[in-house]
Amino acid sequence: MSPAARPLLSIAVGVVVERGKADSPWVDFVWRAIAVLPDEPDTRPWTVLREQDGSTLFYAGRATVDLYPSETARYRDNLASGNPSIWTVLSPSEGAWPYAVAAVTADPAEGEGFTEAADNLVEAVPMPEMLREAIESFVAEHHVEREFVKRKRRRADPEALARREHEGGHE
């Protein structure tokens with residue numbers, strides 16, 4: 001792995017998932033991530049946190065929010081959105097539980113990219129204050145403004161097609 005592909009900072013978080021009764025004849029439950037905990041709790045994955053009114057909250061497991069210097073503009077835009085979010089990704093699992101925590105990210109584009117796998121459950125949840133402060137510090141330290149450079153188009157040569165037909169000897 002190249003040094004550029006490694007995160008400079010990894011922040012451990014815990015993922016809280018809600019299982020609610022589905023109002024559907026085809027599925028029994030609806031699963032969705034509802035929060036990230038600003039630290040990895042000393043709890044086993046899939047521990048029940050609360051049961052109330054037909055829904056159950058679980059601590060689904062740990063993950064890390066990995067921060068890369070090349071993505072600071074996206075983190076900055078997320079923070080400036082007025083509603084900073086963390087994207088959680090749950091992937092189908094063959095184990096005792098139907099889902100496993102696959103990823104957690106502060107990069108909106110990466111979060112959106114995880115929706116391409118139709119089986120993933122991707123949710124944007126509120127960013128905890130401790131995480132927001134850590135990401136703000138990371139952006140302040142590592143962000144480098146990059147100038148947008150638009151490529152210049154080459155003008156088409158209207159005679160190029162005519163020359164190409166005659167070059168091979170076929171007329």
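Because the structure is predicted, anything quoted here is derived from the model rather than measured.
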Practice prompt. Could you go through the side chain to side chain contact (heavy atoms under 4.5 Å, CB included) check for W87 and N78 one step at a time?
Written response: CA-CA 11 Å; W87 282 260; N78 183 8; 3.4 Å; yes
Donor-acceptor pairs under 3.5 Å, side chain of residues 93-106 to any protein atom, not counting sequence neighbours: which ones?
from, atom 1, to, atom 2, distance (Å)
S93, OG, G95, N, 3.1
T105, OG1, D107, N, 3.0
T105, OG1, E110, OE1, 2.6

Worksheet, complete the sentence: Residue pairs passing the salt bridge (Lys or Arg N to Asp or Glu O under 4.0 Å) test with at least one member in residues 75-93, sequence neighbours excluded, are R76-E145
Worksheet item: Between W31 and V122, is there a shared hydrophobic cluster once you connect ILVMFWY residues whose side-chain heavy atoms come closer than 4.5 Å?
Response: no
Discussion item. Applying ring-ring contact (aromatic ring centres under 6.0 Å, His included) as the test, list every pair that has at least one member in residues 118-140; sequence neighbours left out.
Written reply: F138-H142
Worksheet entry | Residues in salt bridge (charged side-chain N to carboxylate O under 4.0 Å, His left out) contact with E136, at least two apart in sequence or another chain | R132
Discussion item. Is there a continuous path of hydrophobic side-chain contacts, each under 4.5 Å between heavy atoms, that joins F114 to M127?
Written reply: no
Worksheet item: Is there a path from V65 to V125 through hydrophobic residues (I, L, V, M, F, W, Y) whose side chains come within less than 4.5 Å of each other?
Response: yes
Per-pair distances, 0.1 Å, donor-acceptor, side chain in residues 8-30, under 3.5 Å, sequence neighbours excluded:
from, atom 1, to, atom 2, distance (Å)
S10, OG, D66, OD1, 2.6
E18, OE1, R32, NE, 3.0
E18, OE1, R32, NH2, 3.2
S24, OG, W26, N, 3.1

Worksheet entry | Main-chain N/O of V89 paired with S91 side-chain donor or acceptor, under 3.5 Å | no
Worksheet item: If you round to the nearest 0.5 Å, how far is CG of L79 from CD1 of I135?
Response: 6.0 Å
Response to the item:
The complete set of salt bridge (Lys or Arg N to Asp or Glu O under 4.0 Å) pairs with one or both residues in residues 55-64, sequence neighbours excluded, reads E40-R62
Response to the item:
With sequence neighbours left out, the residues meeting salt bridge (charged side-chain N to carboxylate O under 4.0 Å, His left out) with E71 are R74
Worksheet item: Taking only residues two or more places apart in sequence, or in another chain, which ones meet Q52 in a side chain to side chain donor-acceptor pair (under 3.5 Å)?
Response: R50
Discussion item. Tell me every residue that passes side chain to side chain donor-acceptor pair (under 3.5 Å) with T72, counting only those two or more places apart in sequence or in another chain.
Written reply: H143
Discussion item. To check you understand the geometry: which heavy-atom pair defines the closest contact between P38 and P128, and what is its length?
Written reply: CB-CB, 4.1 Å
Practice prompt. Spell out, as yes or no, whether a donor-acceptor pair under 3.5 Å connects the side chain of D119 to the backbone of P92.
Written response: no
Worksheet entry | The single option from V48, I34, T47 passing side chain to side chain contact (heavy atoms under 4.5 Å, CB included) against L57 | I34
Discussion item. Any heavy-atom pair between the side chains of L90 and E123 that's under 4.5 Å?
Written reply: no
Response to the item:
With sequence neighbours left out, the residues meeting side chain to side chain contact (heavy atoms under 4.5 Å, CB included) with E112 are T115
Item to complete: Mind checking side chain to side chain contact (heavy atoms under 4.5 Å, CB included) for P41 and listing every partner two or more places apart, or none if nothing turns up?
Response: L37, T43, Y59
